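One structure below.
What's counted below: heavy atoms across the whole structure, side chains too, no hydrogens, waters or symmetry copies. Labels below follow one simple rule: chain letters A, B, ... track the order of the sequence lines, proteins then strands, and each chain is numbered from 1. Source: prediction; values computed, not measured.
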Amino acid sequence: MRISRIYFNTLKEVPKDATVKSHILMMRAGLIVRLSSGIYAYSPIGYRSIKKIIDIIREEMDRIGAQEFLLPILTQKELWVETGRYELMKNLMFKTIDKNGQEYILGPTHEEVFSDIIRRYLNSYRQLPLIVYQVYKKFRDEIRPRFGVMRGREFIMKDAYSYHRDSEDLDKTYQDMRIAYRRFFIRCGLDTVPVMADSGAMGGKESEEFMVRSTIGEETIIECLKCGYVANSERAISYKEYVKSNEELKNIEQVYTPSVKTIEELIDFFKVSPQKFIKSLVYKTEDGENILALIRGDLEINEVKLSNAIGGKPISLADEETVRKIGSEIGFVGPVGISNLRIIADESVKYIVNGITGANKKDYHIKNVTPEKDFKVEKYIDISLTKENDLCINCKTPLKSFKGIEVGHIFKLGYKYSNDMNIEFLDENGNKVKPIMGCYGIGIDRTLATVIEQSSDEYGIIWPITIAPFKVIVIPLVENCYEIADKIYNNLLNEGIDTLIDDRQLSPGIKFNDADLIGIPIRVTIGKNWVKNGVIEIKLRDGSGNYEVNENTVIYEIKKIIEIKEKEIKQKLDSISKMV
RNA sequence: CGGGAUGUAGUGCAGUUGGUAGCACACUGGUUUUGGGAACCAGUUGUCGGGGGUUCAAGUCCCUCCAUCCCGACCA
């Protein structure tokens, strides 16, 4: 393409709405145009990279026998009602109505739609396994769109689903997906860490997230540098040792604690260690149930674990009004004498003797509180948040933590949709059987943004050769170079190499800066040096080389460079295959 | 949804005690330039987020609505 003839719009200034590297560079390089919060258009240059990413994922999916569909964005409300997700995801869904008042959902994900298609089709075990996918738009009314296309309200997702006769068969596809995902990310130039996201101590990898280390990551990952344990902090578990003190049980005593609410203030007030406190928090579920969660003063509650402990219902911290309604006061909540709500306690609470907790009365706490003596608990279960320096569950080494961007997620779904939507097939014996499912997602836009987040310098983007919008940019600098530049440009195109030519009559500085900003891997400069000595310069954007060539060798040299760059990636792919 | 901030030209910003809208970049025409965002000359560009109010007079003060961004609860 000729820059003078295409939509090409680079910005010198940093757009004021952009705060992270990838967003700033995507805006400055003119890859995207922001139309409204979380809604972006891709320019031809940006879209070229998107298409290359999609091509790669398509190759990897096809390679493991997945079949590509194209599903509608408009989905009938009934499907969502059928699985209960019409209620569960109601805050996330964009809805629309037709002229008859019929409601439609702009698909936020496609388990229901795919399953509806599959149940119409599936008859026999001979048709399984069935692995299906699409690469298409998703719509989510995100609580907080952020960081440009990193978390948009409309975005492109590769979503795959698999249907199997049994869990062994699902295991096989799950493993194939793990490899396909790792290959995909490597081919995009990303270093990912597969992170366990299983639902707790049960073992068995039910779910895995693909994380890229980044300070702007929205996930906290816990890892053990010694044994290699890695898990999302939401799901991570750690080794804990509790000792029940053998001190004598004392009687409850009320203490006047004016305006002393937080654990820090309490420690200061009572002059005892945080382990003495029973921290009490009121949560509510969406259907209005209230839960009292208890945890030792030095620990934090993990809301995901808590939610799982009560059957997976979404929960949130109760507001002041709710806390009053159950007969307590924020800052002075405690389990003693409270009724009409479920009490879930972290394991740590079981071992507290003569502890301190809220009196459910403004400005009062009570001391010498001991579980089971002074209050009953529905169950003791691990609901604590795993933090850095907690001990590894496997080897008791202090854990480390880092921030990560989640670019992909693979998941064993089980029978949820098969049951809710009544998907069945006949096995060899003529019995009706429900298929077991898996689902596998990759955020395409987020992958693109993450690559930029990981690979840039002060001048702009540094694309990996595989997903760069163009592999080569040809820059003629002085008047009588345009003809030879044009010839090289055309020869490169004839070789099937994506090439951009900067045919604008502008000063060299602008051309160099634009080329750096949009991050084209190979820059071919034709200027004074060619006029004088017939020398054409090749410079690699990633700083890995500068070459001086002539008119006859330039195409050959470029092809060689591309070959080397692609080979580097292939080698990494081979090492993955060997690992697995 | 809670907390904080912002809204003025395509972009980034300034605009004093209320007095009829400005700078830089970009853009158009021209002359000279051409190896890391050139110089000069001449131009174009505005519903000051919307609505209402106070005032002789509002970008500026008041009310209200809207939008956007940042920090916390969801997810690819």
Side-chain angles (χ1 to χ4, degrees), chain A residues 9-20 23 27-28 30 33-39 57 88-93 108-110 135 137-160 181 197 209-212 216-219 232 234 283-284 301-304 306-307 314-320 404-411 439-450 459-460 475-481 504-517 523 525-532 535 537 539:
Chain A
N9 180 28
T10 56
L11 303 173
K12 212 190 287 188
E13 315 258 12
V14 175
K16 75 177 163 191
D17 290 344
T19 54
V20 301
H23 189 196
M27 295 289 289
R28 284 194 56 214
V33 182
R34 183 186 157 282
L35 296 172
S36 130
S37 174
I39 301 177
I57 191 62
L88 206 66
M89 298 181 81
K90 66 180 176 216
N91 292 326
L92 195 69
M93 296 191 298
T109 171
H110 279 78
V135 187
K137 291 269 180 149
K138 295 283 180 272
F139 296 81
R140 290 184 192 174
D141 193 1
E142 289 288 346
I143 298 160
R144 182 137 109 84
R146 218 191 311 210
F147 302 155
V149 301
M150 194 72 87
R151 178 184 295 283
R153 297 197 291 172
E154 174 176 340
F155 60 99
I156 307 166
M157 178 156 110
K158 187 288 299 177
D159 50 325
Y181 270 44
E209 294 165 333
F210 290 78
M211 295 286 180
V212 176
I216 68 152
E218 300 183 84
E219 302 290 334
N232 193 313
E234 286 174 351
Y283 283 87
K284 57 176 182 193
I301 286 183
N302 177 333
E303 295 184 359
V304 173
L306 177 59
S307 167
I315 50 158
S316 58
L317 260 177
D319 49 62
E320 216 173 318
I405 301 170
E406 183 186 351
V407 284
H409 196 166
I410 60 177
F411 211 94
C439 82
Y440 320 89
I442 286 178
I444 302 296
D445 316 67
R446 186 178 288 182
T447 298
L448 180 87
T450 306
Y459 302 105
I475 303 183
L477 285 182
V478 292
E479 192 46 55
N480 43 2
C481 290
R504 298 173 299 177
Q505 306 270 344
L506 292 172
S507 69
I510 294 177
K511 294 184 173 187
F512 288 144
N513 280 307
D514 275 347
D516 286 349
L517 179 58
R523 191 181 85 188
T525 313
I526 307 156
K528 267 189 205 155
N529 216 348
W530 181 76
V531 177
K532 279 191 207 145
V535 170
E537 291 151 74
K539 186 177 184 194

Calculate the interatomic distance between [X] atom [atom1] and [N] atom [atom2]; express it in whole Å.
| X | N | atom1 | atom2 | value |
| --- | --- | --- | --- | --- |
| A/N529 | B/rU34 | CG | C1' | 15 Å |
| A/R144 | B/rU68 | CZ | P | 13 Å |
| A/F147 | B/rA76 | CZ | P | 18 Å |
| A/N480 | B/rU34 | CG | P | 12 Å |
| A/L92 | B/rC74 | CG | C1' | 7 Å |
| A/N513 | B/rG36 | CG | P | 10 Å |
| A/E218 | B/rG72 | CD | C1' | 12 Å |
| A/L306 | B/rA73 | CG | P | 15 Å |

Please work out if [X] contacts a base, only the sugar-phosphate, or nothing of the nucleic acid, heavy-atom cut-off 4.0 Å.
| X | result |
| --- | --- |
| A/P108 | nothing |
| A/K539 | base |
| A/L506 | base |
| A/F210 | nothing |
| A/Q505 | nothing |
| A/T19 | sugar-phosphate |
| A/N9 | nothing |
| A/G527 | base |
| A/D445 | nothing |
| A/G152 | base |

Considering only [options], which nucleotide approaches the side chain of [X] most closely?
| X | options | value |
| --- | --- | --- |
| A/R446 | B/rA76, B/rG37, B/rA73 | B/rA76 |
| A/S507 | B/rG36, B/rU68, B/rA38 | B/rA38 |
| A/E537 | B/rC69, B/rG35, B/rG36 | B/rG35 |
| A/H409 | B/rA76, B/rC69, B/rG36 | B/rA76 |
| A/E406 | B/rG35, B/rA76, B/rU34 | B/rA76 |
| A/R151 | B/rC69, B/rU34, B/rC74 | B/rC74 |

Donor/acceptor link under 3.5 angstrom from [X] side chain onto base of [N]:
| X | N | answer |
| --- | --- | --- |
| A/R28 | B/rG37 | yes |
| A/D516 | B/rG36 | yes |
| A/E142 | B/rA76 | yes |
| A/R146 | B/rG72 | no |
| A/K16 | B/rG10 | no |

**Asked** Hey, is the side chain of A/K12 poking within less than 4.0 Å of OP1 or OP2 on B/rC25, counting only N and O atoms?
**Response** no

**Asked** So, is A/S37 near the phosphate of B/rC69, with a side-chain N or O under 4.0 Å from OP1 or OP2?
**Response** yes

Counting N and O atoms only, with roles assigned by atom type, does the side chain of [X] sit under 3.5 Å from a partner on the main chain of [Y], one being a donor and the other an acceptor?
| X | Y | result |
| --- | --- | --- |
| A/R153 | A/F139 | no |
| A/K528 | A/L477 | no |
| A/D445 | A/I156 | yes |

**Item:** Residue whose nearest RNA chain B nucleotide is more 5′ - A/E209 or A/H23
**Value:** A/H23

Between [N] and [M], how far is it from one [atom1] atom to the other, in whole Å?
| N | M | atom1 | answer |
| --- | --- | --- | --- |
| B/rA42 | B/rG18 | C1' | 36 Å |
| B/rG4 | B/rU45 | C1' | 34 Å |
| B/rA5 | B/rU28 | C1' | 38 Å |
| B/rU20 | B/rC27 | C1' | 27 Å |
| B/rG10 | B/rA26 | C1' | 7 Å |
| B/rG52 | B/rG19 | C1' | 23 Å |
| B/rA58 | B/rG53 | C1' | 11 Å |
| B/rC1 | B/rU47 | P | 30 Å |

**Prompt:** So, do A/F155 and B/rA76 meet the stacking rule of ring centres under 5.5 Å and planes under 30°?
**Reply:** yes

Using Watson-Crick or G-U wobble geometry with both distances under 3.5 Å, which nucleotide pairs with [N]?
| N | result |
| --- | --- |
| B/rC56 | B/rG19 |
| B/rU34 | none |
| B/rA42 | B/rU28 |
| B/rC1 | B/rG72 |

**Request:** I would like to know whether A/R146 and A/E218 meet salt bridge (charged side-chain N to carboxylate O under 4.0 Å, His left out); could you show each step before the answer?
**Result:** CA-CA 11 Å; A/R146 218 191 311 210; A/E218 300 183 84; 2.9 Å; yes

**Request:** Taking all non-hydrogen atoms of both residues into account, name the closest pair between A/L506 and A/K511 and its distance.
**Result:** O-CE, 3.7 Å

**Asked** How far apart are the closest heavy atoms of A/P145 and A/S37, and which atoms are they?
**Response** CG-OG, 3.6 Å

**Prompt:** Any luck finding a side-chain donor-acceptor pair between A/E209 and A/N232 under 3.5 Å?
**Reply:** yes

**Prompt:** Can we say A/K138 and A/E154 salt-bridge, meaning some charged N sits less than 4.0 Å from an Asp/Glu carboxylate O?
**Reply:** no

**Request:** Check the pair A/E142 / A/R151 against salt bridge (charged side-chain N to carboxylate O under 4.0 Å, His left out), numbers first and verdict last.
**Result:** CA-CA 8 Å; A/E142 289 288 346; A/R151 178 184 295 283; 3.2 Å; yes

